[in-house]
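Values reported hereafter were calculated over all heavy atoms of this structure, with side chains retained and with hydrogens, waters and symmetry mates removed. Read the numbers this way: they start at 1 and go in the same order the structure lists the ligands and their atoms.
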Amino acid sequence: MAKIILSIFIILPMTGLSLATDTLGVNSSIGYGETLVSSNLTFELGFFTPRNSSMSYLGIWYKFSPNMVVWVANRNNPLADHDGVLTFNDAGNLVVLNQLNGVVWSSELSRVLRNPFAQLLDTGNFVLWDNFVSSPDEAYLWQSFDYPSDTLLAGMKLTLNLKTGFERRLIAWKSMDDPSPGDYVHELDYSQGLPQYEVVQVHVHRKKSRTGQWNGVQFVGWFNTPSPIIVSVFVYTETEISFMFEVQDRQLVSILRLNYLGVVQLLVVNRSRSATWNALIEFPSDPCDFYGRCGANAICNDSLCECVKGFMPNSLDEWTVLNFSSGCKRTIPLNCSKGDGFWEIENVKLPDQLEVTLYRSMSLDECKDKCLKNCSCTAYAISDIRGRGIGCLMWFGHLIDMRVLEEGNHVQTLYVRQSASKLGIHAYAN
Ligand SMILES: *[C@@H]1O[C@H](CO)[C@@H](O)[C@H](O)[C@H]1NC(C)=O
Ligand SMILES: *[C@@H]1O[C@H](CO)[C@@H](O)[C@H](O)[C@H]1NC(C)=O
Ligand SMILES: *[C@@H]1O[C@H](CO)[C@@H](O)[C@H](O)[C@H]1NC(C)=O
Ligand SMILES: *[C@@H]1O[C@H](CO)[C@@H](O)[C@H](O)[C@H]1NC(C)=O
Ligand SMILES: *[C@@H]1O[C@H](CO)[C@@H](O)[C@H](O)[C@H]1NC(C)=O
Ligand SMILES: *[C@@H]1O[C@H](CO)[C@@H](O)[C@H](O)[C@H]1NC(C)=O
Ligand SMILES: *[C@@H]1O[C@H](CO)[C@@H](O)[C@H](O)[C@H]1NC(C)=O
Ligand SMILES: *[C@@H]1O[C@H](CO)[C@@H](O)[C@H](O)[C@H]1NC(C)=O
């Protein structure tokens, strides 16, 4: 009994210390056990120690669900104990200092701030401005949204600035109890062709999963179950590519997280009921979502693989024991001079853009023509399905990571090059 009373006496003053404010000014600091709380009490910022860990980190979590840490500052540089403070240094930078006043994390601004303020907003964004020269309504000098951890909050954009090259990407935790940067990164792939999102296992440079390309309406195969509660917004302009989502129901809170196993999850909780988060969407969600499961020139359907028409397994032995990784080869080599044709595959997630060329304003007929005339073109598809469809995406080399998708939902058709003799239709090739 005495023990319980003692701990109450210890804990109460600690929570009492919580500044009950959302703002940190220049001569103030917060230490372990003290927190900033956003004005409508949704988010809390302070030091935390993961379960099964002795390290501590500065982070942001939901006040109603403290285990749901959505941002971590000193991921690369944990505090070995509970002795840390968040404060401003002489230049007005936000810093986390350890016991010896060593800097374990900093907002790393290049300019000096005269009267810096940091505020935890109701959106979950922790922002910094200089009260000497601007107000909080103007552009922030630094914001946590620019440096996501593993979590995308509702209303927070995952962006690539095409002018500056600045990108926000999600980097998974190392394990459930270790926020340091783990194996997986969720990022935009915009090296060739059209934007698509990927989860990459960085240390081995291997893709784990990939959404379909942006087809003018959506990323095929990702967020394509229409949901009454989640609205996703994609922006693709000359200056910016971004993705974000909003939650329609005010009782529901939702986040998009890249977990430590490399699975992207849309987690939802009913705030007025409990703090149990459920995964509404997961990616990969079935075996066909795993990148390149079927190897080259094959299509994944219901976890099994089929060679594209005109192709056969590279190794029948492996194929019959359901090891599909070696993929498929042509049954009859192409002979361009004889004239080729195309085989139509409907409702398919288009192959990865390993070697592609994009012509934004070509029609489907022009696209076919262009592909036909170039003997190394292996397939083509309409790149923007809006209206009657426009634009031409042409593939060279192997076709990797295709899957059958449900009809409807803005899925696409791929035209795969075939030798004329295989199609048996000379006229089709013109
Ligand atoms: C912060 O502390 C310094 C040194 O004590 C003092 O000169 C300065 O006026 C203080 N600033 C504010 C905004 O209180
Ligand atoms: C913490 O560690 C214990 C013992 O090693 C283990 O049984 C438990 O699952 C761990 N908890 C978490 C959340 O990882
Ligand atoms: C707090 O503010 C955010 C952002 O404006 C809003 O989305 C959320 O619904 C608010 N939460 C509560 C409990 O009012
Ligand atoms: C959330 O929980 C409340 C209370 O149990 C319930 O009335 C409400 O319908 C739930 N909202 C949703 C969207 O499930
Ligand atoms: C996919 O497999 C199912 C059976 O599992 C079959 O009914 C369907 O026709 C297949 N779809 C395609 C496009 O091959
Ligand atoms: C599948 O076949 C590849 C060779 O193509 C081999 O390296 C791999 O180990 C096989 N996988 C399994 C699970 O047997
Ligand atoms: C391709 O077809 C032409 C015309 O039929 C023939 O002369 C040539 O030998 C063929 N080339 C190959 C590699 O099969
Ligand atoms: C075929 O297309 C590729 C990629 O655009 C290009 O490098 C190559 O020169 C083209 N070949 C011909 C014969 O036009």
Exercise. Return yes if a side-chain donor-acceptor contact under 3.5 Å exists between S149 and T151, otherwise no.
Key: no
Exercise. Please work out which of the three classes, parallel, tilted or perpendicular, describes the rings of Y32 and H82, given edges at 30° and 60°.
Key: parallel
Quiz item: Who are the residue neighbours of ligand 4 when the rule is a heavy atom under 4.0 Å from any of its atoms?
Solution: D249, Q251, L252, N270, S272, R273
Exercise. Identify which one of V85, L45, V96 satisfies the side-chain contact (heavy atoms from CB on, under 4.5 Å) criterion when paired with I30.
Key: L45
Quiz item: Polar-atom distance check: N374 versus ligand 8, any N or O pair below 3.5 Å?
Solution: yes
Exercise. Name all residues meeting the side-chain hydrogen bond (donor to acceptor under 3.5 Å, both in side chains) criterion together with E366; count only those two or more places apart in sequence or in a different chain, and write none if there are none.
Key: S363
Quiz item: Under 3.5 Å, is there a donor-acceptor pair linking the side chains of S419 and D340?
Solution: no
Practice problem: Could you tell me whether the side chains of N323 and S325 share a donor-acceptor contact shorter than 3.5 Å? | Solution: yes
Quiz item: Considering distance alone, does some N or O of S326 sit under 3.5 Å from an N or O of ligand 6?
Solution: no
Exercise. For E318, take its heavy atoms, then give the atoms of ligand 6 lying under 4.0 Å from any of them.
Key: 2 (O), 4 (C), 5 (O)
Quiz item: Using 4.0 Å as the upper bound for N to carboxylate O, is an ion pair formed by K207 and E198?
Solution: yes
